[in-house]
Amino acid sequence: MTRLSRRNFIRIGGAAVAGATLGLPHIARATGGNVVIVGGGVGGATTARYLKLANPDISVTVVEPKSSYHTCFMSNEVLGGERTLEGIEVGYDGLKSMGITMVQDRASGIDPDARTVTTAGGETLNFDRCVVAPGISFVTDGIEGYDEAAQEKIPHAWQAGPQTALLRSQLEAMEDGGLVVIIAPPNPFRCPPGPYERASMIAHYLKAEKPKSKVMILDPKEKFSKQGLFMQAWKDLYGHGTDNSMIEWNTFSKVGAINKLDAAAMTVETDFESFDPAVINYIPPQKAGKIALDADLADDSGWCPVDKMTFESSKHAGVHVIGDAAIATAMPKSGYSANSQGKVTAAAIVAALAGKEMPQPSYVNTCYSIAGTDYGFSVAAVYRYKADDNTIAGVEGAGGLTPVDASPEQRKREVAFAHSWYNNIRKDTWG
């Protein structure tokens, strides 16, 4: 990492998180309250845990339709054959053991005025504060031949679980020499480096098992997150820049925008070319999760404006929106961002229920990418709240990026760091 050693980043990042949560046990142990959290992913689960850690007297209920959660981070290792689907699955026993109530149902409505959450099963939950952590939903119109039904033949695998398994099975079934087309989404979207890590890990699998095959990325963007590092990895591992490259990156300015997908014929048509791949991974444009849209928490962008200090909705008081669904300015839509925002939101809610002032928040994010065997890299940042314009901005000089010329030993350590981070954030989020 440049400009800041990893040890110092961990120290500063830990202090940043502590700055948002240090006052939690001291804010209010005498007051309780009811908090209902919609969504048991990273943001929702982190908020639930840290509310209970701060004040066990607060009643915390999490509404989540799934009995377990598959993390999107590390799901590309499943596609690359380095991890099983069960290896990215986590349950909710850790939350339950803290006295958090899990309602296994889908939230069907949020009434900010009545301060209630209703579920598809007909239950009504009252709240003093509500946290909405719904993740993403997809924009499925605009391309001929693509709808929700098409996702069963053309998986997005951008919500981990069955879609991850489907894409993996398609990779296993394809003949050697086949083409895999990954269609990347426009900004903003969940996990900015994710499509390019996915291309890397699919190429990793193909290199070992189907070496005549190829991965092609079709991208509406002219640049992407960690581009220099990925390009170097593709050159080192997959022959990028040669006639035998296993990964090809094409922008729409070169091949044209996608105008038709045919799930039956497995074809992709652009303005200028047609492709006949064995596997199509279309990652659609994204917006906030459906419940946030239905509850009028989003603006015309499809994402949810919030007070960046507390993540309270700019549209409805008493309701907080965190994670991928929120507009968090400089913070990327990543799992670590959601975890950091969950801690800040827990601090804000504990303070609000106690009638106390919210501590000055700080936020952190680290994003690891694995491109192949013993080949990883990362970006890290510390963020501060700016009250003058209600934004979250990076702290100058804090964080850093893995050098492009990092040694093989450094690359190998980055993979070990990534796996350690994964184990730690699972524990920190779900217990």
Side-chain angles (χ1 to χ4, degrees), residues 9-10 12-21 37 39-50 69 71-76 131-136 158-160 185 187-195 197 224-226 286-289 292 301-313 320-348 361-369 378-386 390-395 398-401 417-418 421-422 424-426 428-430:
F9 172 76
I10 292 171
I12 294 170
V17 174
T21 59
I37 299 172
V42 181
T46 301
T47 308
R49 283 198 74 236
Y50 275 79
Y69 182 83
T71 62
C72 287
F73 40 94
M74 291 299 167
S75 65
N76 286 331
V131 178
V132 183
I136 57 170
W158 220 240
Q159 291 168 323
N187 293 325
F189 63 98
R190 164 183 281 174
C191 190
E197 181 189 60
F224 58 86
S225 177
K226 303 183 192 172
Q286 294 156 35
K287 55 188 176 181
S301 71
W303 305 101
C304 302
V306 295
D307 179 335
K308 308 303 187 298
M309 184 171 179
T310 64
F311 286 87
E312 186 170 6
S313 169
H320 303 252
V321 186
I322 64 173
D324 296 335
I327 299 173
T329 49
M331 294 191 78
K333 297 183 184 299
S334 72
Y336 204 169
S337 289
N339 174 270
S340 184
Q341 292 166 17
K343 294 170 184 176
V344 170
T345 301
S362 296
Y363 327 78
V364 294
N365 178 64
T366 298
C367 184
Y368 290 95
S369 296
S378 64
V379 61
V382 177
Y383 303 89
R384 298 285 188 191
Y385 172 68
K386 294 177 62 180
N390 186 37
T391 60
I392 296 171
V395 176
L401 188 68
F417 289 144
W421 168 84
Y422 180 73
N424 288 333
I425 199 170
R426 278 179 54 135
D428 186 56
T429 300
W430 292 280

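Every heavy atom of this structure was used, including side-chain atoms; hydrogens, water molecules and symmetry mates were not. These numbers were taken from a predicted model, which means no experiment stands behind them.
- Ring-centre distance between Tyr368 and Phe417: not below the 6.0 Å cut-off.
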Report task. For Asn390 and Asp307, run side-chain contact (heavy atoms from CB on, under 4.5 Å): C-alpha distance rounded to whole Å, both residues' side-chain angles, the deciding distance at 0.1 Å, then the answer. Result -> CA-CA 7 Å; Asn390 186 37; Asp307 179 335; 3.6 Å; yes
Report task. Take Gln159 and Ile136 through the test side-chain contact (heavy atoms from CB on, under 4.5 Å) and record every step on the way to the result. Result -> CA-CA 8 Å; Gln159 291 168 323; Ile136 57 170; 4.0 Å; yes
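- Of all heavy-atom pairs spanning Pro188 and Trp303, the tightest one is CG-NE1, 3.4 Å.
- Summarising the geometry of Thr310 relative to Ala348, their closest heavy-atom pair is CB-CB, 3.8 Å, with the distance given to 0.1 Å.
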**Report entry** Worked verdict on Tyr422 versus Thr71 for side-chain contact (heavy atoms from CB on, under 4.5 Å)
**Finding:** CA-CA 10 Å; Tyr422 180 73; Thr71 62; 2.8 Å; yes
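- Within the 4.5 Å cutoff, the side chain of Thr46 has heavy atoms near those of the Lys343 side chain.
- Contact record, Trp430 with Gly41: CZ2-C, 3.9 Å, taken as the closest heavy-atom pair.
- Checking Asp428 against Tyr50 by side-chain atom types alone, a donor-acceptor pair falls below 3.5 Å.
- In this structure, Lys333 contributes its side chain and Gly135 its backbone to no donor-acceptor pair below 3.5 Å.
- Residues Asn365 and Pro332 come closest through the heavy atom pair ND2-CG, 3.4 Å.
- Using modelled atom types and a 3.5 Å distance limit, the side chains of Thr329 and Lys308 yield no donor-acceptor pair.
- Ala380 and Thr366 make their closest contact through CB-OG1, 3.7 Å (heavy atoms, listed as atom of the first residue, atom of the second, distance).
- Atom NZ in Lys287 sits 11.0 Å away from atom OG in Ser301 (nearest 0.5 Å).
- Taken to the nearest 0.5 Å, the CE atom of Met74 stands 6.5 Å off from the CH2 atom of Trp421.
- Residues passing the side-chain contact (heavy atoms from CB on, under 4.5 Å) test with Ala133 are Ile322, sequence neighbours excluded.
- Considering only residues two or more places apart in sequence or on other chains, Arg190 meets the side-chain hydrogen bond (donor to acceptor under 3.5 Å, both in side chains) condition with Asp324.
- When all heavy atoms of Gly335 and Val42 are compared, the closest pair comes out as O-CG1, 3.3 Å.
- Using a 30° and 60° split on the angle between ring planes, Tyr363 and Phe311 fall in the perpendicular class, above 60°.
- In this structure, Phe73 CZ and Arg426 CZ are separated by 8.5 Å, a value rounded to the nearest 0.5 Å.
- Counting only distance, with no hydrogens or angles, the side chain of Ser340 and the backbone of Tyr336 share no donor-acceptor pair below 3.5 Å.
- Atoms OG and CD, from Ser334 and Gln341 in turn, are 8.0 Å apart once rounded to the nearest 0.5 Å.
- Under the 4.5 Å side-chain criterion, counting only non-hydrogen atoms from C-beta, Pro195 is in contact with Phe189.
- Side-chain atoms of Cys191 and Cys72, non-hydrogen and from C-beta on, never get closer than 4.5 Å to each other.
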